[in-house]
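Heads up, the thing below is written out as structure tokens.
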Amino acid sequence: MKKTLSILALTILVITASGQKADRFVNDLLSKMTLDEKIGQLNQYTGDWGATGKITSDGEKEKQIREGKVGSMLNVIGVDKTRKLQELALQSRLHIPLIFGQDVIHGFRTTFPVPLGETASWDLALIEKSARIAATEAAAYGIHWTFAPMVDIARDPRWGRVMEGAGEDTYLGSKVAVARVKGFQGNGLGNTDAIMACAKHFAAYGAAVGGRDYNSVDMSLRQLNETYLPPFKAAVDAGAATLMNSFNDLNGVPATGNAYLLREKLKKEWNFKGFVVSDWGSIGEMVPHGFAKDEYDAALKAITAGSDMDMESRCYRNNLKQLVQDGKVPVALIDDAVRRILIKKYELGLFSDPYRFCNEEREKAETNNADNRSFAREIGVRSIVLLENKPVNGKPLLPLSKSNAKIALIGPFGKATTAHHGFWAVPFPDDSQRIETLHDAIAAQLDKNASLIYSKGCNIQDNDTSLFAEARKTALSADMVIMTLGEAPDMSGEAKSRSSLRLPGVQEELLKTIFATNKPVILLISAGRPLIFNWAADNVPAILYTWWLGTEAGNAIADVLFGNYNPSGKLPITFPRTEGQIPIYYNHYNTGRPAKDDNDKTYVSAYIDLPSSPKYAFGYGLSYTRFEIGNLQLSSDKMKINKGKIEARVDVKNSGDYDGEEVVQLYIHKLIGSVVRPVRELKGFQKIFLKKGESKAITFTLTPEELKFYNDKTEFVNEVGEYELFIGDSSLASLKSRFTLNE
Ligand code: NOJ
């Protein structure tokens, strides 16, 4: 104990000392800087590709870099390119290096499953490792900073950006945010394999009205604080170096000019010491928002609110000097923003060696790295969710046998390559050669006495049915069919909101045509968001939701099809029955007129034309084996508000035929509150492995901290009273107990 304390004291001492050194260095540098040079540090430009907004080509970027008028670049990939620009930056009067930022969202050179897919693994260690590897690869290519993790809570699958986050739940989202920040930043900035994380988009971007990207957000401060801000707070507490503004207005004030978010919450209440970058052009966009009169006014509002770096709008570059000269912006405000950025450059080690991320040897070693690819397969299998596995001839269809079968693979993803990458994959010219197709991956696993035939059937997105006849013939000549359908990579992601979430084009028609052959069908769905496929869900015996799994999609899917890995994924977001149910999420309120069940329609909160329940619930996912969760016991039925705790224990038994992993989930419900409380709230989960026939007791610890919520004065409080507690394998968990929180 004594030893631990002295190590802790020593660590604090070292951190404080190096913090003081950084402060001294940066203050000294600041004192030498002209106003133009300071404003230059707040200016970020894009490189030559990867635009997600208007590119202003002024033909002068390189000159400006030489003059010290640019602080950071994005979309510049590769050691040769970053080195060239860094050399220009070092020609500036004070030789201040550039920071290179990039959207490293789900892998870099090796593409991992999209973040929503990875979250379905509920495996925080793996999620952290995925970010770690992505950081290592990106750093090897000269990148210092990723614009990730996206920690926006998203309850609306029409919003294309659901694919980039951790889904609908605040508790799970906060845990995943921490894992990703830790992964990107590794053992700390200053290590050449650590890159700065950027928690985005601050804030409430995921609640865009109607699920339409960039749209307004209007919500109570209570809801904002309770549901949307905690993942940001968790990321900040985990040491996230930066945050990014969101495009939306929040209760009428654009997030980029929102002093409540940036000054009050982030920089004051949370004591955030990093810097805030705008989203692409979002400072200038305060003009069309109708919040700023012109770009001069936009720059004033953004810097005053607390936005430190301007990504691509040029509002700071063109207006900050004038604003200072006009007496509207105190230099101290600019100094604060510049200091925050310079400190990060210092922490990254760029002042001692601006080229420390420019190592050609390292870059080469990170291309086609076998370990990273095998990790992509490992996290790929764990991201897959088994939605259906009904018996055919008395036996669940999956897993498939590798012998004695003639299998037909049908669908536009069968021989696809980069379509499995999905949105935000960093494109490289040789990408498609690095990908083993699903077809080849399945073929590679089959025994000699089994065979695979293939037919594309249709394209992802058009109305062409001319390949149907051939696909039908292929199905008829096989014993069973694996159908692979889904969304094209540009159908979920930024600016990819959809009003219809059905399988695009004629894919469902193709599915019905093949199903009519009476061959057993296994359906694979590749997508970035929850799609709606009710006919398939009700008719097709086996369905695997495979998201967009990345470089190793083919092998990962084949592993699950043949039972090399027993699927354990659980949905991190609710799957609706129709678009009309959206927004739909598990932790809603009860209302004053709750329906008893899906058939209860008389003057209760329900739809007269469809059940209120979702198609697939949050936390849901099947396994090839069967888990029984029972014998719930609480260590006490009372918890003291001060330092109390309760342990909830259950027995989990693998009573099926396969070894496997289960995600055991704990939910609470506060029965009465000074504000109404959700019908369920996730407050714990554990992923465990059990061999066939094995049992294990697992214990969750609940403390008053997990029971806190925001009251109507936006205070984070505990309130005494009665709680229900549920444990099970999804948000529908039926095992239940009760306890009270007492003074
Ligand atoms: C706009 C997106 O909203 C943001 O997430 C991304 O990081 C930037 N563009 C940079 O590409």
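What you see below is based on every heavy atom in this structure, not just the backbone, and it leaves out hydrogens, waters and symmetry mates. Every number for a ligand or one of its atoms is a count from 1 in the order of the listing. Bear in mind that the values here come from a model prediction, so they are computed numbers and not experimental data.
Residue contacts with ligand 1, taken as heavy atom pairs separated by less than 4.0 Å, involve Met244 solely via side-chain atoms from C-beta onward. With a heavy-atom cut-off of 4.0 Å, Leu74 touches ligand 1 through its side chain alone.
Looking at Asp213, Thr146, Asp103, it is Asp103 that brings a heavy atom closest to atom 10 (C) of ligand 1. Around atom 4 (C) of ligand 1, the closest heavy atom drawn from Ile105, Val277, Asp279, Asn245 belongs to Asp279.
The salt bridge (charged side-chain N to carboxylate O under 4.0 Å, His left out) test applied to Asp36 returns Lys321, not counting sequence neighbours.
Those atoms of ligand 1 with a heavy atom of Phe147 less than 4.0 angstrom away are 7 (O). Taking every non-hydrogen atom of Lys200 and a distance limit under 4.0 Å, the qualifying atoms of ligand 1 come out as 4 (C), 5 (O), 6 (C), 7 (O).
A salt bridge links Arg314 with Glu312: the distance from a Lys NZ or Arg NE/NH1/NH2 to an Asp or Glu carboxylate oxygen falls below 4.0 Å.
Distance alone, capped at 3.5 Å, is enough to place a donor-acceptor pair between the Ser497 side chain and the Asp213 backbone. The backbone N or O of Ala208 lies less than 3.5 Å from no partner atom in the side chain of Asn248, so there is not a single donor-acceptor pair.
For Trp548 and Phe423, the distance between ring centers is not under 6.0 angstrom.
Remark: distances from the non-hydrogen atoms of Glu164 to ligand 1 are all 4.0 Å or more. The shortest separation from a heavy atom of His201 to ligand 1 is under 4.0 Å, placing the residue in contact.
Considering backbone and side-chain N/O of Trp424, none are found under 3.5 Å from N/O of ligand 1.
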Given ring pair (Phe, Tyr, Trp, His ring centres under 6.0 Å), test Phe272 with Phe232 step by step and report yes or no. CA-CA 11 Å; Phe272 174 65; Phe232 288 97; over 10 Å; no
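Looking at Leu229 and Trp270, their side chains come closer than 4.5 Å, going by heavy atoms from C-beta outward.
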